[in-house]
Amino acid sequence: MNRVYNFYAGPAVLPQEVMKKAQSEFIDWHGSGMSVMEMSHRSKDFDSIIKGAESKLRKIMNIPDNYKVLFLQGGARTQFGMIPLNILPDDKSADYLITGNWAKHAYKEVLKIGKKANIVCSSEDSSFNHIPDRDSWELDPNAAYIHYTSNNTVYGTQFRELPEFENKNVVCDMSSDILSRPVDISKFGIIYAGAQKNAGPSGVTIVIIREDLLNIEATKNLPTMSIYKDIAAKDSMLNTPPCFSIYMVGLVLAWVESIGGLEEMEKRNKKKASLIYNAIDNSNGFFKGFSNKKDRSLMNVTFKLPNEELDSSFIKEAEKRGLIGIKGYRTLGGIRASIYNAHPIEGIHKLVELMEEFKNKN
Ligand code: PMP
């Protein structure tokens, strides 16, 4: 078996232990004589799988009892519309922090469905290379909610400290840093995340929603599958859920628990990211980090070489060494090393080794 070091931004690397466990029970899950892929979602066996995933998530993230956990389909992007449809009444506006292209898509979706949104701040003028300072934020005191993206996957910036807002409904897209550090759930109204970076394979979106928000019913006559309240009432089984993806999320959560939970995860993530950022900072300007230092992401490390030819030959050399998926996002170029929870430290060492050799050679 020849596993590569996978730096893709998502779908992304999964823990080897998880893959092996899934492989070992693929054809016959726990003596059921079936794969999870073949199981009725109404069976007792699957009930234990989905309930097990939810209870592990509740334990690891310390989710209070007045929050519902939903496992949905449609990716994080579907939530860009579902959130305003469910909790933004037509006579109100919602506050959006525009810190990256996903944050911007989330904002634009509100306008697209005919609702109102206010731009609190934006770093678009500087190509999203930082999180705007809090003093510059223009919050609407009457906003129905505040939306932000905790980690900007494309540009490699992150709210290293999560902002706090008094008495506000805070909605956060945690697609690319969920489970990477401890978070105080009680400070949020809704947290959502596509699973395919830190939580499992693609196909399932985790939504953690405070129960009172289920009752806002901001838009009449929504399609049934867009109504959080209805999905929550059926514990994510209003229709057939993404069974296999939910099962895989459960295995990933068991792995997170086994390594010591989110405190340990955060420690590992800080260590891994600092190795690459140190290599950038100690390169005498050969490698240029894209993000402002204070906002550097622990999940997606973005940087450039002195010119585009060197970017491409660096990527080629990386591939030769089995370091895959480091090409920057198409709008940004350069290098992006996505180093989610499951990315092993050995891959980071290999990348740093390459950075040093490449700098010396060029
Ligand atoms: N938000 C963020 C922060 C993302 O990184 C992504 C995907 N890369 C999305 C939303 C969109 O997620 P999905 O593909 O699950 O719709």
Side-chain angles (χ1 to χ4, degrees), residues 6-14 70-85 94 96-110 112-113 117 122-124 127-131 146-160 162-163 170-181 183 188 190-208 225-226 236 241-242 244-246 248-249 252 269 290-291 295-302 325-332 336-343:
N6 176 351
F7 291 90
Y8 279 120
V13 57
L14 287 165
L70 309 178
F71 295 109
L72 307 184
Q73 304 193 46
R77 205 160 176 165
T78 296
Q79 298 309 308
F80 294 174
M82 263 177 85
I83 289 159
L85 285 171
Y96 276 72
L97 281 68
I98 315 288
T99 55
N101 78 323
W102 292 112
K104 192 175 163 190
H105 281 309
Y107 162 76
K108 288 204 314 207
E109 194 77 353
V110 180
K112 182 162 188 219
I113 60 171
S122 171
S123 47
E124 188 167 15
S127 311
F128 296 121
N129 69 352
H130 69 286
I131 308 279
I146 296 172
H147 180 281
Y148 73 95
T149 310
S150 50
N151 183 73
N152 299 288
T153 324
V154 170
Y155 299 93
T157 63
Q158 186 175 28
F159 284 87
R160 294 290 292 272
L162 295 176
V170 180
V171 177
C172 187
D173 177 356
M174 286 194 193
S175 289
S176 51
D177 66 356
I178 193 167
L179 298 172
S180 69
R181 56 181 165 179
V183 165
F188 294 89
I190 301 177
I191 291 171
Y192 65 101
Q196 66 270 20
K197 295 149 197 315
N198 264 343
S202 64
V204 60
T205 309
I206 296 168
V207 175
I208 302 165
M225 285 311 296
S226 303
S236 305
F244 196 79
S245 296
I246 292 169
M248 289 296 290
V249 168
V252 170
N269 286 330
F290 176 74
S291 155
D295 305 319
R296 282 174 162 176
S297 168
L298 300 186
M299 301 279 101
N300 312 94
V301 179
T302 48
I326 63 166
K327 191 172 192 305
Y329 192 77
R330 56 197 141 78
T331 51
L332 184 60
R336 170 176 59 178
S338 297
I339 49 170
Y340 299 118
N341 285 354
H343 194 100

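No experiment lies behind these values; they were computed from the predicted model shown. The basis for the numbers below is simple: all heavy atoms, side chains too, and nothing from hydrogens, waters or symmetry mates. As the structure lists them, so they are numbered: ligands from 1, and atoms in each ligand from 1.
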Asker: Could you check whether any heavy atom of Met174 sits closer than 4.0 Å to an atom of ligand 1, since that is the contact criterion I want to use?
Answerer: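 Contact absent.
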
Asker: Rounded to the nearest 0.5 Å, how far apart are CD of Gln158 and CG of Asn152?
Answerer: 9.0 Å

Asker: What distance separates Tyr155 OH from Arg336 CZ, expressed to the nearest 0.5 Å?
Answerer: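 That separation rounds to 10.0 Å.
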
Asker: Ignoring hydrogens and angles, state whether a donor on the side chain of Asn129 or Ser127 is under 3.5 Å from an acceptor on the partner side chain.
Answerer: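 No, Ser127 and Asn129 have no side-chain donor paired with an acceptor closer than 3.5 Å.
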
Asker: Between Thr99, Ile178, Thr153, Asn101, which one has a non-hydrogen atom sitting closest to atom 5 (O) of ligand 1?
Answerer: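 The residue whose heavy atom sits nearest atom 5 (O) of ligand 1 is Thr153.
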
Asker: Quick one: CD on Gln79 to OG on Ser175, what's the gap to the nearest 0.5 Å?
Answerer: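 Answer for the CD-OG pair, Gln79 versus Ser175, is 9.0 Å.
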
Asker: Regarding atom 10 (C) of ligand 1: of the candidates Asp173, Val204, Asn151, which has the closest heavy atom?
Answerer: Asp173

Asker: When you look for heavy atoms under 4.0 Å from ligand 1, do you find them on the side chain of Thr78, its backbone, both, or neither?
Answerer: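 It is neither; nothing of Thr78 touches ligand 1.
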
Asker: Kindly compute the distance separating CD1 (Ile190) from CD1 (Ile83), expressed to the nearest 0.5 Å.
Answerer: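 Here the interatomic distance stands at 5.0 Å.
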
Asker: So which protein heavy atom does atom 6 (C) of ligand 1 come closest to, and at what separation?
Answerer: Trp102 CE2, 3.5 Å

Asker: May I ask you to check whether Asn151 and Ser176 show a side-chain donor-acceptor distance below 3.5 Å?
Answerer: yes

Asker: Should one rank Ala76, Gly100, Gly194 by closest heavy-atom distance to atom 15 (O) of ligand 1, which comes out on top?
Answerer: Ala76

Asker: Looking only at side-chain N and O atoms, does Asp177 offer a donor or acceptor that is under 3.5 Å from a partner on Tyr340?
Answerer: no

Asker: Does only the side chain of Phe80 get under 4.0 Å from ligand 1, or the backbone, or both, or neither? Count heavy atoms.
Answerer: side chain

Asker: Just which atoms of ligand 1 are under 4.0 Å from any heavy atom in Gly75?
Answerer: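 So the answer, numbered in order with elements, is 15 (O), 16 (O).
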
Asker: Note the single closest protein heavy atom to atom 8 (N) of ligand 1, along with its residue, its atom name and the distance in Å.
Answerer: Lys197 NZ, 2.9 Å

Asker: Quick check on Tyr8: does its OH atom have over 12 non-hydrogen neighbours (other residues, nucleotides or ligands) under 6.0 Å away?
Answerer: no

Asker: Does an N or O anywhere in Gln196 fall below 3.5 Å from an N or O of ligand 1?
Answerer: yes

Asker: Going by the order shown, which atoms of ligand 1 are within less than 4.0 Å of some heavy atom of Thr149?
Answerer: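 That gives atoms 3 (C) of ligand 1.
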
Asker: Counting only heavy atoms closer than 4.0 Å, does ligand 1 sit against the backbone of His105, its side chain, both, or neither?
Answerer: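 Contact part for His105 vs ligand 1: neither.
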
Asker: How would you list, by chain and number, every residue that makes a salt bridge (charged side-chain N to carboxylate O under 4.0 Å, His left out) with Lys327, sequence neighbours excluded?
Answerer: none

Asker: Among all protein heavy atoms, pick out the one at the shortest distance from atom 16 (O) of ligand 1; state its residue, atom name and that distance to 0.1 Å.
Answerer: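 The answer is Arg77 N, 2.9 Å.
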
